[in-house]
There are 2 protein chains.
Amino acid sequence: MQSFTEENYLKIIYHLSVNNDQAVQTNAIAEKMQTKAASVTDMIKKLADKQLVDYKKYQGVHLTQTGRQAAINIVRKHRLWEVFLVEKLNFKWDEVHDIAEELEHINSAELVERLDEFLSFPKNDPHGDPIPDKHGKFDAVPFTKLSKLKTGEKGLIMGVSEHSSAFLKHLEKLGLTLGKTLTLTTITDFDGSVEIIVEDKKISVTREVAKHILIRI
Amino acid sequence: MQSFTEENYLKIIYHLSVNNDQAVQTNAIAEKMQTKAASVTDMIKKLADKQLVDYKKYQGVHLTQTGRQAAINIVRKHRLWEVFLVEKLNFKWDEVHDIAEELEHINSAELVERLDEFLSFPKNDPHGDPIPDKHGKFDAVPFTKLSKLKTGEKGLIMGVSEHSSAFLKHLEKLGLTLGKTLTLTTITDFDGSVEIIVEDKKISVTREVAKHILIRI
DNA sequence: TTATTTTTTTAGATTTGTCTAAATATATAG
DNA sequence: CTATATATTTAGACAAATCTAAAAAAATAA
């Protein structure tokens, strides 16, 4: 069993490597963990001793098979708890992240399986992210960023790549929630912002926001 | 905010003093915390610095008002989570203690209030223990131990004073669950064991077990 | 390819919660 | 009331996770 902190490192290394087979760099981990590179090096050595990561000095880390399984299990728990908080306790999608960050460390395989069943085996969390099954499997549905859509293209909002409360509240206010259909009408050369139509309303979205909205065409 | 460990100390001090206004002794805490007296002394000093306990050297500790509130809040969370585990996730009453020991440390007042509501504001946990409301209030229903009943007396099982899985499974097997009505027929002088009738069945219970069954006459 | 910048690691210190062993205070027994 | 036993505290050490400052390696630029 891993400590709280070790679990957080594994999770962050997983997120930093999931879309990318490169080694994960010390500084990248330090930034996400809000800590210093020296601390990361110390922890990496510990994780390497436990065979949870492969590590060569100055070369960054890769999760081992065991390390990846552990990380995916934490992600599974995080996302299941988010579903619970939204579906059962009526939290909004922008309120659940921090609470799930705590709940994801509760240690009981039985609890997770029963929670999964209680929630009717959800496939996605409230932000559209896929929930791994008990074997760690999940389908990575292909997506495009809204910022990559071309004029006239139509799509469905299926997720976000930024989970801060501020960002999610902003989307909510614009009516850009999961499952909504949109059509891109204009791309502004000047600043990259895009005009879209959602439920017959015209909305302008900055490029920065559009980059974090995931679309299935 | 307190650390995990500090919360566990507060909770244990609370349980050791709830039926008893005496100061709580270092050794008693050490035993419950499965640690050494020296460690307890160290922690007590820290809790005293934080004004969570009153402490005079060699004289044991008392919870302060703040410390008691903190402890009751942890107990509240523990018991609410136990109800959730039994009522919603179909755990048995002997399976929930350890999981609730982890869940009780999740920090979110909003979460607790919503969980309470989701569970329809339960008054007691699966072992019969009262659940404090959000202000820390609860009614201490008076009870008698089964071992104190007299021959011929009738009562209702309303709780237990021992929460180990082994004990609870034993009661389950004997059919001695919350809400059952029983009549005491015989007290054996020799070993203090008692014969009771529950649902028309005659059952013999050792004195040790009878001491941990709480009865309302 | 040498110089400079960036990244990473090492060395040594700090904090939290724990420990053992020894010292001190309190309680109990004769 | 002294001796013994029990309970508690102190002193000093350790492991985990972190930090700062300095050293070393790797990447980049001139």
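Predicted model, so just to flag it, every value in this text is computed and none were measured.
Not one side-chain nitrogen or oxygen of Asn27(B) sits closer than 4.0 Å to the OP1 or OP2 atom of dT6(D). Between Lys36(B) and dT20(C) there is a side-chain N or O to OP1 or OP2 distance below 4.0 Å. Taking only side-chain nitrogens and oxygens, Lys45(B) comes nearer than 4.0 Å to OP1 or OP2 of dT10(D). Within the structure, every side-chain polar atom (N or O) of Thr41(B) is placed at least 4.0 Å from both OP1 and OP2 of dT10(D). Side-chain N/O atoms of Tyr9(A) include one lying less than 4.0 angstrom from OP1 or OP2 on dT18(D). Remark: Thr5(A) is not in phosphate contact with dA16(D), judged by side-chain N or O atoms under 4.0 Å from OP1 or OP2. Contact annotation: Lys57(B) side-chain N/O to dT26(C) OP1/OP2 distance is not under 4.0 Å. Of the side-chain N and O atoms in Tyr58(B), none sit less than 4.0 angstrom from OP1 or OP2 of dA23(C). Residue Gln25(B) places at least one side-chain N or O under 4.0 Å from the OP1 or OP2 atom of dT8(D).
Counting non-hydrogen atoms under 4.0 angstrom, Ser39(A) reaches a base of the nucleic acid. Residue-level contact check: Phe4(B) touches neither bases nor backbone, having no heavy atom under 4.0 Å from any strand.
A salt bridge is absent between Glu117(A) and Lys134(A): the closest approach of a Lys/Arg side-chain nitrogen to an acidic carboxylate oxygen does not fall below 4.0 angstrom.
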Under the salt bridge (Lys or Arg N to Asp or Glu O under 4.0 Å) criterion, do Arg79(A) and Glu82(A) qualify, and how do the steps go? CA-CA 5 Å; Arg79(A) 293 177 181 171; Glu82(A) 286 197 343; over 6 Å; no
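Here dT18(C) is the nucleotide among dA21(C), dT8(C), dT18(C) with the atom lying nearest to any side-chain atom of Met43(B). Distances from the side chain of Thr35(A) to the nucleotides dC19(C), dT18(D), dT9(C) place dT18(D) closest. Picking from dT8(C), dA26(D), dC19(C) the nucleotide with the shortest atom distance to the side chain of Asp42(B) gives dC19(C).
No donor-acceptor distance shorter than 3.5 angstrom exists from the side chain of Glu153(B) to the backbone of Gly155(B), with no hydrogens or angles considered.
Across every non-hydrogen atom of Ala70(B) and Gln2(B), the tightest pair is CB-OE1, 4.0 Å.
Here the options are Lys11(A), Arg76(A), Lys77(A), the test is salt bridge (Lys or Arg N to Asp or Glu O under 4.0 Å), and the partner is Glu104(A); only Lys11(A) passes.
The nearest whole Å value for the distance from the NZ atom in Lys50(B) to the C1' atom in dT16(C) is 10 Å.
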